[in-house]
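The shown structure was predicted, so the numbers you read here are calculated from the model rather than taken from an experiment. Labels below follow one simple rule: chain letters A, B, ... track the order of the sequence lines, proteins then strands, and each chain is numbered from 1.
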Amino acid sequence: MEYNFKEVEKKWQSYWQENKTYRVEVDPSKPKYYVLDMFPYPSGAGLHVGHPLGYIASDIYSRYKHLKGFNVLHPMGYDAYGLPAEQYAIQTGQHPAITTEKNIRRYREQMDKIGFSFDWDREIRTCDPEYYKWTQWTFIQMFNSFYCYDKQKAMPISELVKAFETVGTQGLNVACGEEMNFTAEEWKNKSTKEQQEILLNYRLAYLADTMVNWCPQLGTVLANDEVKEGLSIRGGYPVVQKKMRQWSLRVSAYAQRLLDGLDRIDWSDSLKDIQRNWIGRSQGADVKFDVKDSDLKLEIFTTRPDTIFGVSFMVLAPESDYVKPLTTPEQADAVAEYLDYVSKRTERERQTEVKKVTGVFTGSYAINPFTNEAIPIWISEYVLSGYGTGAIMAVPGHDSRDYAFAKHFNLPIIPVIDDGEGHDMSEGSYDAKVGKLINSGIINGMEVKEAIAYIAKEVEKRGIGKSKINYRLRDAIFSRQRYWGEPFPVYYKDDLPYMLDESKLPLELPEVDKYLPTENGEPPLGRAKNWKTEEGYPLELNTMPGFAGSSAYFLRYMDPHNNNALVDHNICNYWRNVDLYLGGSEHATGHLIYARFWNMFLYDLGVACEEEPFKKLINQGMIQGRSNFVYRIQGTNTFVSVGLKDQYKTTEIHVDVNIVKNDVLDLDAFRAWMPEYANAEFILENGKYICGWAIEKMSKSMFNVINPDTIIEEYGADTLRLYEMFLGPLEFSKPWDTQGIDGVYKFLRKFWRLFQVGEDFCVSDEAPSKEELKVLHKTIKKVEYDIENFSFNTSIPAFMICTNELTALKCNKRAILEPLVIALAPFAPHMAEELWSLLGHTQSITKESFPRWEEKFLVEDTFEYPVSFNGKVRFKLSMPLTATNADIESAVKAAPESTKWLEGKEIKKMIIVPKKIVNVVIG
RNA sequence: GCCCAGGUGGCGGAAUUGGUAGACGCGCUGGACUCAAAAUCCAGUGUCCCUUAAAGACGUGCGGGUUCGAUUCCCGCCCUGGGUACCA
């Protein structure tokens, strides 16, 4: 009886579904294990063969953990809000909810065919009001919180108000937009509106003016990549830099905790590095400079206080608040002209034209606190308003950007560090933090490190500055002028934002007649009828960004139907956090930062039980496409096989990989593929048309998309699962190549045949031989080791070797085959279930335990020593395990093969590594 | 520019971390079974020298080093992929 995968896979998929085999509940009697995949955005194209890679790996691991006795949580859902459905809605008028629903059904259908062990009772969708109720709820909690640096956690905003009422801002050490100073008395005298405005400066979710690309004609904010040369890519309308009132999340408050947490989690070093760079901690000092003929103090941030004697000018960001007060009447026109130039520059231009040096003198001078010299204050776009204080002290001798600026505007360059090798200042700055200070008054002769500490201390002593740590991580802009996203639970009264009462949640997304901005530039929600509270206050028109819904979904899976809480505390206390998270590394600076931040906030609130949401993270690689080409002889409809194409002038054309098998083109299918090829002629080699090939991204336009359904149709889901794993290490990017799939397909059929005698299913109850037991235990050991280390690609060869060896031994013994079936179950669950039931078991294989391997079946009596002479292996020597080094030494000398290699030479040394190798050094 | 990962046959990739490099699979070559095909099975397959075999030499991006022994460790380069960039 041949293995009928179609029938078997269908049978077990419906069995699992009907019996809810993978349903999971809290069970304190068992250890928990939480395996999570990054949930997909359900796009219209459906799944291609690359998408399930991570799902298959996580499925193997969770099935394995289950067999190992863990209570495994393994859920799946959909990141359902997103741009493509909205774009489609704009074009067709079809509601994005309908498109999304359709796509989800298609995804589910495709996933079901692969045989995953998801607990579908826990499915969530971010666009479901029952789900986004808790996204909105969390936002309200953020609005009602501030971040206290002393306690290193989020606190209720009411505590801050209490502090303001009693001591004002005195002794305050909290996260904020800008430093504020007022007394309790002053606070009490402020109007409600003023007080609310001040509180926004401290809330974790806050409304503030932020710089954005604004396109007036399109009536929307644009991302940097949607703008080119100051014009919008769509329409070509002018785009300006504009401050807009936007919602933001104070992610920056958690910068240090996000950094520290990385040391406690099991992620790849490269991913941790990406996050560390993104957070960008730098230790330095804020220093205040007096301004000549003014009461103003100019505060700058520097990481190199040691170079303060080398400061020859100061630079302000064009957007800096210092610009206005520091511009003198004589320079007013020049500054205005420069600011106008800068405002027309887009972020993109500033980024691409990094080498372009521009700037203008303000007319004012700062006083160097250490030399008392007057130094000119300039404005330049190379200084960013959003980092540090938006102003710098420029040390052209030791900073390459300051150097370029000084050269361009002919400003003095003062060397203050001697690198000991006579660095030539005319060739560029010396940026390294190594050397001795020169031309630097009190710190002359000090090493750089010493000098940094000395000046930092001196600055604090004089009260002109303090040590400070800056982070590159910015707050997350949280508003989008889009329709298909979570509505904010916010209404406006007196121009101030207020949160809806929690009892009003969820605030459901309203219907609109069109998915475009309104005529007067409001977001699409401006079109909704009655978009106001019961009291008549207008509701927020923006929606939340894509990352809102994906920032706490892992918590919701624990308790997805709870209507009273994001997650029940006892349930959360059991599942705690994700033990294994699988997904792409493209989320390193997005989702994986936001989700950690969001979870830390919920942890501070007492909702989450662990500070870090994802204990271990694996980034699966991308599966690329393998494109096929045909070669048309130019000006004809004749196609030449790849081996002969150099004899003609040809054009390379992508051909649908689905009509090519093993690089051989199906000629009839090609003629039927497109009308223009209906009369195609071919020049063959060896009677076949061979196509060329290349590795490219899998995409429709390259005709190289492989649909998992097609593979399952032809080879079955188990083969697909095995082959995706066999392709290579999980983390690598690798091309899909259908050619190789035969190998694993053959393996499965061979495995099946182990249970057959002739045409019938037949296993023997005979006792296994020593040799058979060795094969079994060797395999289980290897497979277990590989699964634990996520090298599924090497455990499949272990099964293949095992099957070949058992076939050679003609072994069909139950004692060997039963444990093997269980070990194979995580990889090929359908076949395993079928064999298990054929072996006479009445309950699902998921109820079994993973087999244990025992060392005693693996130990040998002898070891075959490779004997090498001067590092080159010459022969093998079989020795008992009990042999001493002296035994081995004399055996090597006595071996007849040795005489050949020793001829005319003497043994200088003999290295014997027990159970490894013998190396004879001769000379 | 800076940070990270990687470079092994015709191809995807193994090598239990310093101990027989190329497991396993694909592809290719030959054979068996077939009227034939498919399927299946068996054998071979890093390079060079050679009619063949034995034997040998070379071989893990390049150049050095440590070691009895290096794909693995160290130093200096080259290339590929990823991240990031006026972050002071």
Q.
What contact category does A/Trp901 fall into here, base, sugar-phosphate, or nothing, at under 4.0 angstrom with non-hydrogen atoms?
A. sugar-phosphate
(Q) Quick check: on RNA chain B, is the nucleotide nearest A/Ser733 upstream (toward 5') of the one nearest A/Thr302, or the reverse? Name the residue that is more 5'. (A) A/Ser733
Q: Could you tell me whether the phosphate oxygens of B/rC68, OP1 or OP2, come under 4.0 Å of any side-chain nitrogen or oxygen in A/Lys909?
A: yes
Q: Working to the nearest 0.5 Å, report the span between CE of A/Met910 and CD1 of A/Ile912.
A: 6.0 Å
**Q.** Nearest-Å distance for atom pair CZ/C1', residues A/Arg626 and B/rG10
**A.** 12 Å
Q) Would A/Thr389 and A/Glu299 count as having a side-chain donor-acceptor pair, cut-off 3.5 Å? A) no
Q: Quick one: label A/Pro735 by what it contacts on the DNA or RNA (base, sugar-phosphate, nothing), any heavy atom closer than 4.0 Å.
A: nothing
Q: For B/rG9, decide between syn and anti, treating a glycosidic angle within 90° of 0 as syn.
A: syn
(Q) Under 4.0 Å, heavy atoms only, any strand: does A/Ile392 hit a base, just the sugar-phosphate, or nothing? (A) base
Q: Return the nearest nucleotide to the side chain of A/Pro797; candidates are B/rA23, B/rU40, B/rG19.
A: B/rA23
Q. Within this structure, what is the CD-to-C1' distance between A/Glu731 and B/rG6, rounded to whole angstrom?
A. 13 Å
Q) Hey, is A/Lys778 close enough to A/Glu805 for a salt bridge, meaning N to O under 4.0 Å? A) yes
Q) Across the strands shown, which category fits A/Arg874 at heavy-atom distances under 4.0 angstrom: base, sugar-phosphate, nothing? A) sugar-phosphate
Q: Take atom NZ of A/Lys746 and atom P of B/rC42, then tell me their distance rounded to the nearest Å.
A: 10 Å
Q) Given atom CG of A/Asn789 and atom C1' of B/rU17, what is their separation to the nearest angstrom? A) 12 Å
**Q.** Nearest-angstrom distance from the residue atom CG of A/Asp402 to P of B/rA88
**A.** 12 Å
Q. Reckon A/Asp273 touches a base, only the sugar-phosphate, or nothing at all at heavy-atom distances under 4.0 Å?
A. sugar-phosphate
Q) Separation of A/Met622 atom CE from B/rG6 atom P, in whole Å? A) 19 Å
Q. When you measure from the centre of the six-membered ring of A/Trp736, is the NZ or CZ of A/Arg626 under 6.0 Å away and within 45° of the axis?
A. no
Q) Base, sugar-phosphate, or nothing for A/Asn793, non-hydrogen atoms under 4.0 angstrom? A) sugar-phosphate
Q: With heavy atoms under 4.0 Å as the rule, sort A/Arg749 into base, sugar-phosphate or nothing.
A: sugar-phosphate
Q.
Can you confirm whether the side chains of A/Asn919 and A/Ser868 place a donor and an acceptor under 3.5 Å from each other?
A. yes
Q.
Can you tell me which nucleotide in B/rG25, B/rC41, B/rG59 comes closest to the side chain of A/Lys872?
A. B/rG59
Q. Would B/rU17 be called syn or anti, given that syn covers angles within 90° of 0?
A. syn
Q: Identify which nucleotide among B/rG19, B/rC3, B/rC41 has an atom closest to any side-chain atom of A/Asn277, counting heavy atoms from C-beta outward.
A: B/rC3
Q: Could you check how far CG of A/Asp431 sits from P of B/rC86, rounded to whole Å?
A: 16 Å
Q | Rounded interatomic separation in angstrom, taking OH from A/Tyr715 and C1' from B/rC26 | A | 12 Å
Q: Establish, from distance only, whether the side-chain atoms of A/Ser400 and A/Tyr430 form a donor-acceptor pair under 3.5 Å.
A: no
Q: Select one nucleotide: of B/rA14, B/rC86, B/rU84, the one nearest the side-chain heavy atoms of A/Leu384.
A: B/rC86
Q: Give none if B/rU45 has no partner; otherwise give the nucleotide forming a Watson-Crick or G-U wobble pair with it, both distances under 3.5 Å.
A: B/rG27
Q. If you pin A/Leu727 and A/Tyr785 to their nearest nucleotides in RNA chain B, which one's is more 5'?
A. A/Leu727
